[in-house]
Amino acid sequence: MIRAVRALPLLLLPALSLLLTGCGTEKAGAGAETPGAASSHAAVTATSAEIASRARSLGFDPDLVYVIDPPGFTLAEQSVGVSDVGLSIAYTDLKTGVVITLRVEPGTMTDANCTTRAAFSDHMTCVRDGNAWYRTGGGTIEYVMARKGHLVHVSAEQGKVTRAVLHQSAQSLRRPYKSELPVILPPARTAVPVERGDLPTNGDGAPNNEVGKGG
């Protein structure tokens, strides 16, 4: 079953940064903190079949599975969420608590609608920057990149992350390593039946309500 976790509201990012700094943040395998930090055996990109197998077991579109490598930031495992609206991952700077958020969701964008599509503010600016759009508004900065049938959003609180760092983070977009799959797409949980001690081993399965001696 898909975990019904929607994209992190941008207004909650300061609170999330305090939470992640206070309780600690797990690293999603080698290489989660900085680009190129992974050892050669860990930095093996998962195959399309491996990603699809895990994603489909969760009822999730494998085409939406991506990660980024923000310089100096660490993937916060407890922030990972997949749902029918897409994928959401937060990366935090453990020294400052600043958060960069990755969201991948179905949709399209053009130069004409980039200020209104998936808008997070009533007053937004949007400019082309290479293969992406750079958007600002409501105290948030964001890069948006269009992929086949979906959009990739990389955002942060304005004034906390420079445009150059956010651009580098967006351009680091990649498919996850094999070592990151258990974090990004954890195995689906299987319900375990609860055994009852008051059910007889034969018959119609009705509870055994007999009263013992002295009862």
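With a 4.5 Å cut-off on side-chain heavy atoms, L181 and I51 count as touching. The closest side-chain heavy-atom distance from V183 to L75 is below 4.5 Å. When side chains are defined from C-beta on, L87 counts as touching I89, because their heavy atoms get closer than 4.5 Å. In this structure, E142 and R103 have side chains that are in contact, with non-hydrogen atoms separated by less than 4.5 Å. When side chains are defined from C-beta on, T45 does not count as touching P176, because their heavy atoms never get closer than 4.5 Å.
If you chain together hydrophobic residues whose side chains sit under 4.5 Å apart, L173 and V144 never meet in one group. Under the 4.5 Å side-chain heavy-atom criterion for ILVMFWY residues, no single connected hydrophobic cluster contains both L151 and V82. A continuous path of Ile, Leu, Val, Met, Phe, Trp and Tyr side chains, each step under 4.5 Å between heavy atoms, connects V152 with I141, placing both in one hydrophobic cluster. The hydrophobic clustering, which links ILVMFWY residues whose side-chain heavy atoms are closer than 4.5 Å, places W133 and V161 apart.
S79 and A90 get closest at one heavy-atom pair: OG-N, 2.9 Å. Of all heavy-atom pairs between R135 and C126, the closest is CG-SG, 3.9 Å. Closest approach of P106 to R117, counting heavy atoms only: O-NH2, 3.3 Å. The heavy-atom pair separating G138 from S121 by the smallest distance is N-OG, 3.4 Å. Contact between P70 and I100 at its shortest, heavy atoms only, is CB-CD1, 4.0 Å. Across all non-hydrogen atoms, the minimal contact from V154 to S169 is CG1-CB, 4.2 Å.
In this structure, the side chain of R54 engages the main chain of L185 through a donor-acceptor pair within 3.5 Å. Side chain of T116 to main chain of N113: a donor-acceptor pair is present (N/O by atom type, distance under 3.5 Å, no hydrogens or angles).
Put simply, the residue from H150, M109, Q171, H153 that forms a side-chain contact (heavy atoms from CB on, under 4.5 Å) with M145 is Q171.
Judged by the 6.0 Å distance and 45° axis criteria, R128 is not positioned over the aromatic ring of Y134. Both tests hold for R175 against Y66: distance to the six-membered ring centre under 6.0 Å, angle to the ring axis within 45°.
Side chains of T140 and S155: a donor-acceptor N/O pair is absent below 3.5 angstrom, by distance only.
For the atom pair OG of S172 and CZ of F73, the computed distance is 11.5 Å after rounding to the nearest 0.5 Å. D129 CG to L166 CG: the interatomic distance, rounded to the nearest 0.5 Å, is 10.0 Å. One finds the CZ atom of F60 at 9.5 Å from the CG atom of D63 (value rounded to the nearest 0.5 Å).
Electrostatic pairing of R174 and D69 counts as a salt bridge here, judged by a charged N lying under 4.0 Å from a carboxylate O.
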Item to complete: List the steps, then state whether salt bridge (Lys or Arg N to Asp or Glu O under 4.0 Å) holds for D61 with R56.
Response: CA-CA 7 Å; D61 185 352; R56 286 169 181 157; over 6 Å; no

Practice prompt. Start with the C-alpha gap between V99 and Y91, add the side-chain angles, then the distance that decides, and say whether side-chain contact (heavy atoms from CB on, under 4.5 Å) holds.
Written response: CA-CA 6 Å; V99 174; Y91 297 80; over 6 Å; no

Fill in: side-chain contact (heavy atoms from CB on, under 4.5 Å) assessment of L64 paired with E105
CA-CA 7 Å; L64 303 182; E105 59 190 18; 5.9 Å; no

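Within a 6.0 Å radius of CG in D111, other residues, nucleotides and ligands contribute more than 12 heavy atoms.
By the 30° and 60° cut-offs, the orientation of the rings of Y143 relative to H167 is perpendicular.
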